[in-house]
Amino acid sequence: MLKVARVCLSLAVLLGIQLAPAQPPVKKSFTYEAVFSSAPGRGASAGEGGILAALPQISGWADDDHYLETRIDPSDGKRKVFAVGASDGGARVYRDYGEIEGDLPAGLRAAAPAASTPDLTGFVYERAGDLYHYDAVGRRFRRLTATPAREQNPRFSPNGKWVAYTRDNNLYAYDLDASVEHQYTSDGSETVLNGRASWVYYEEILGRASQYAAFWWSPDSTRLAFMRFDDSPVPVFPIYHAGGPHGELERQRYPKAGDPNPYVEIGVASVSDGKVVWMDFEPKADHYIAWPFWTSDSKTLTVQWMNRGQDTIRFYNCDPSTGRKNAIFEERQPSWVSFFEDVYYFKNGSGFLLRSDADGWDHLYYYANDGKLRKRLTAGNWRVRSIVRVDEAGGMVYFMGRPGKSWDEALMRVGLDGSGLRELTSGAGMHRASVSPGGKYFIDTASTVSAPPSMSLYRGDGHLVRKLGDARTGSMDDYAWGKAELFTIPSGDGYDLPAYWVLPVDFSPAKQYPVIFSVYGGPDAGTVRNSWLGLTPHYWAQRGVITISVDHRASGHFGKQGVALVHRNLGKWEMADLIAAARWLRAKPFVARDKVGITGSSYGGYTTLMALTCGAEHFNFGQAGSPVTDWRLYDTVYTERYMDTPAENPEGYRNGAVLTWINRYKGGLRITHGTIDDNVHMQNSTQVVGWLTSNNKAFELMLYPGSRHAIQASQRAHFTREAHDFWVRNLLVGRIPEPVASAAGR
């Protein structure tokens, strides 16, 4: 056959016959199921519909030379944690979850404990509200509690010999050696919470990752610092549950802007004898205290204090034996200050390290124990984002920073004397790094808007050891991809607003395309990053839709000096810059000016509603999820940080409310809200719905019964499909066009 083909080709050449050029293979398109059903998000851990590969599951470091990786053991097919040699890749079993599972009662998953020791020798499991302990060394499983009430947030002591937890809003610890439970408080009630956070502290100060836990072990495992909340002055907000014949009323203690806050105290319990000492703060003062940090010798508890106006923060060194306090540090800002969440106390007792934005940009400062500045470690018009590791012996601090483009992030290090500042990761993009305990190695996970994540191991000086994984697969080349680009849009008054878009496959400036703006919009909460965007924008790109995201001047790209511009003016600069971006976009000949959509949830829902009211001339359609609609309806801590109280700033609250601008509304809105949302109450949406219905305006509303601020898992498929179909109806005239069968490369 080969000879015949050659003869035919030779005859064709001799006779001058024109042969059609070989056609490149037609590229595949993404299905709805591959993109939306697997809920891939921006990462690649789920494989994104099988199109991308999952990265290794690396959870940390066993020591300076071995990292911990969870994988399936090919010898027996069981899931295990391996200690992998950084230098040579040799692996040994560090913890065998299959072995542990064999020692556990049916129904308990070995790899899903409620708590574990750092070395994975001790585990606490929760079952039916009670706690169980597993000793992996002795292979012993035992029950710790058997009470009608549920134990919450178990936490091992640093030495692994105690487990602290709360029950019925009281604080307890279990002595594993003596098999004895110790109770430290007894006044827990509906309004008094010991070691468990009041809602507004959980949401806005300690953070959702705390899971309401408000207690901290001392490094020597002898004491527990804990917060006590008295919610009695906080107004009750009713949340209605519609299940059953009569429904149910949930009474939530929720302080709205200007309302009384919970009273808060900080105590220290001696775990062995149960003695509690209260730190010397006024029990019923109108202030915030939070984020206590133990010094390495366990002799001092540093407590952060902030005034109600949130423009002054202080550190108090407290004696856990007497409660006496001594102010050592103060920071004031004309806009607001923030609690310090990543303070590092040096084990050698030389002081502490913190990240502050006092000069308009986040940077690292080294203070002595008495609060005097020893050394400023970084400076310039760029941001330190987080402290990753402090190597005291080597005199180095490893941190994530954005020294170049504000949408790129790199692992960096600097000496404790301020010398030797350098980037350790290379190449544009967002980098996430895990540094070994002594800084000998680090693992870097990096991606860009056009390249999915890859993971590599480096020496501490930035020299590549080996590649550990790559989400990119050969099958990616089989698909048609939109063109992802980063760029800036002029604000019109001096700001270059960061943006990205994904242009349709086989984009032509001679055609017109609908647009979807993806927004959040909150202060210091930008969404424009040089990181993998997931499959969703490429799904729409294959169907002829441009997706775009633009960050405003207060989104964090311009440091605290940019973020502070929203002070007393939430909504003002977000809309000014978003409207400027919409004008810039709609001036492009390839944009369908009657099909510009916008979507976002939470603060993004607020931004969407403001876009369809305040900015109604520039946006045609919008999907607002769980939106704030009036800042008087949101909580004290978040709202007053930016707006002060309604009494202090009535004009700012009025201008930032959706109903102030709703007479401009032209239509095209869809609102979604969970009926028992405890964060942004459904009250926000219903007040807007009340105006829309009273004024006979067209809109869509979808309520999700039983969902809180996030749509519950059983309803997500419906939520996602309905959101998708809204764009099909309004941007694609009611039908999904055939995906572009592009022959072009990526």
Side-chain angles (χ1 to χ4, degrees), residues 55-70 81-92 94 118-119 296 342-348 350-355 362-366 374-380 382-404 408-448 453-470 531:
L55 295 177
Q57 297 182 44
I58 296 174
S59 56
W61 294 85
D63 52 44
D64 211 28
D65 293 293
H66 298 83
Y67 59 86
L68 298 177
E69 180 180 352
T70 302
V81 178
F82 288 83
V84 183
S87 62
D88 59 9
R92 60 176 172 82
Y94 187 80
D119 62 358
S296 57
D342 53 0
V343 177
Y344 177 85
Y345 272 95
F346 290 93
K347 295 179 176 60
N348 62 15
S350 63
F352 59 91
L353 185 71
L354 60 79
R355 176 173 54 93
D362 296 79
H363 284 293
L364 297 177
Y365 298 82
Y366 182 7
R374 296 176 62 122
K375 190 70 178 180
R376 177 172 179 160
L377 303 185
T378 61
W382 56 278
R383 303 185 71 182
V384 173
R385 297 298 293 158
S386 62
I387 299 171
V388 177
R389 178 77 73 179
V390 178
D391 175 15
E392 292 190 35
M396 289 288 178
V397 181
Y398 296 82
F399 62 93
M400 304 307 299
R402 299 187 179 183
D408 292 326
E409 189 162 305
L411 175 66
M412 307 177 69
R413 77 178 183 192
V414 67
L416 292 176
D417 60 359
S419 66
L421 177 68
R422 61 169 294 194
E423 291 183 52
L424 297 175
T425 50
S426 60
M430 291 292 291
H431 295 262
R432 291 184 295 110
S434 173
V435 179
S436 67
K440 190 174 180 179
Y441 297 96
F442 67 87
I443 293 171
D444 174 39
T445 304
S447 70
T448 69
S454 63
M455 183 183 289
S456 299
L457 173 69
Y458 293 86
R459 288 204 307 250
D461 60 2
H463 177 80
L464 177 66
V465 178
R466 63 179 176 277
K467 200 163 189 175
L468 301 179
D470 197 333
S531 61

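At a threshold of 4.5 Å between non-hydrogen side-chain atoms, the residues Glu69 and Val81 do not count as touching. Inter-residue side-chain proximity for Met430 and Arg402 is flagged as met; some heavy-atom pair is nearer than 4.5 Å. You'll find the side chain of Asp391 stays beyond 4.5 Å of the side chain of Val435, heavy atoms only.
Atom OG1 of Thr425 and atom CZ of Arg432 lie 12.5 Å apart (nearest 0.5 Å). Taken from CG in Asp63 to CG in Asp119, the straight-line distance is 12.0 Å, to the nearest 0.5 Å. Here CG of Leu411 is found 11.0 Å from OG of Ser426. Values are rounded to the nearest 0.5 Å. In this structure, CZ in Phe82 is found 9.5 Å from OG1 in Thr70, a value given to the nearest 0.5 Å. Distance check, rounded to the nearest 0.5 Å: NE2 of His463 to CG of Leu457 gives 10.5 Å.
For Arg374 (side chain) and Ser350 (main-chain N/O), a donor-acceptor pair under 3.5 Å exists by modelled atom type. A donor-acceptor distance shorter than 3.5 angstrom exists from the side chain of Arg376 to the backbone of Thr378, with no hydrogens or angles considered. A distance-only check finds a donor-acceptor pair linking the side chain of Ser296 to the backbone of Lys347 [under 3.5 Å]. Glu392 places a side-chain N or O within 3.5 Å of a backbone atom of Asn348 that can act as its donor or acceptor partner. Between the side chain of Arg422 and the backbone N or O of Asp461 there is at least one donor-acceptor pair closer than 3.5 Å. Checking side-chain atoms of Ser434 against main-chain N and O of Ile443 turns up no donor-acceptor pair under 3.5 Å.
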Using side chain to side chain contact (heavy atoms under 4.5 Å, CB included), reason through Leu68 and Tyr94 one step at a time and then give a plain yes or no. CA-CA 8 Å; Leu68 298 177; Tyr94 187 80; 3.7 Å; yes
Let's go through Val388 and Phe442 carefully: what are the C-alpha distance in whole Å and the side-chain angles of both, what is the deciding distance for side chain to side chain contact (heavy atoms under 4.5 Å, CB included) to 0.1 Å, and is it a yes or a no? CA-CA 10 Å; Val388 177; Phe442 67 87; over 6 Å; no
Let's go through Phe399 and Val414 carefully: what are the C-alpha distance in whole Å and the side-chain angles of both, what is the deciding distance for side chain to side chain contact (heavy atoms under 4.5 Å, CB included) to 0.1 Å, and is it a yes or a no? CA-CA 8 Å; Phe399 62 93; Val414 67; 3.8 Å; yes
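Using modelled atom types, one finds no donor on one side chain facing an acceptor on the other under 3.5 Å when comparing Tyr441 with Arg459. One side chain, Asp64 or Ser436, offers a donor N or O that lies under 3.5 Å from an acceptor on the other.
Between Gly401 and Trp382 the shortest heavy-atom distance is CA-CZ3, 4.5 Å. When all heavy atoms of Arg466 and Val84 are compared, the pair lying nearest together is NH2-CG1, 4.1 Å. Taking all atoms of both residues into account, the shortest heavy-atom contact from Ile58 to Met455 is CD1-SD, 3.5 Å. Of all heavy-atom pairs spanning Arg385 and Arg355, the tightest one is O-CZ, 3.3 Å. Nearest heavy-atom pair across Leu353 and Val390 is CD2-CG2, 4.0 Å. The minimum heavy-atom distance linking Gly460 with Arg413 is given by the pair O-NH1, 3.2 Å.
Here the options are Asp417, Val397, Leu354, Leu416, the test is side chain to side chain contact (heavy atoms under 4.5 Å, CB included), and the partner is Tyr366; only Leu416 passes. A side chain to side chain donor-acceptor pair (under 3.5 Å) with His431 is found for one member of Asp408, Asp444, Thr445 and no other, namely Asp444.
Relative ring orientation between Trp61 and Tyr67 is described as perpendicular, the plane-to-plane angle rising above 60° on a 0-90° scale split at 30° and 60°.
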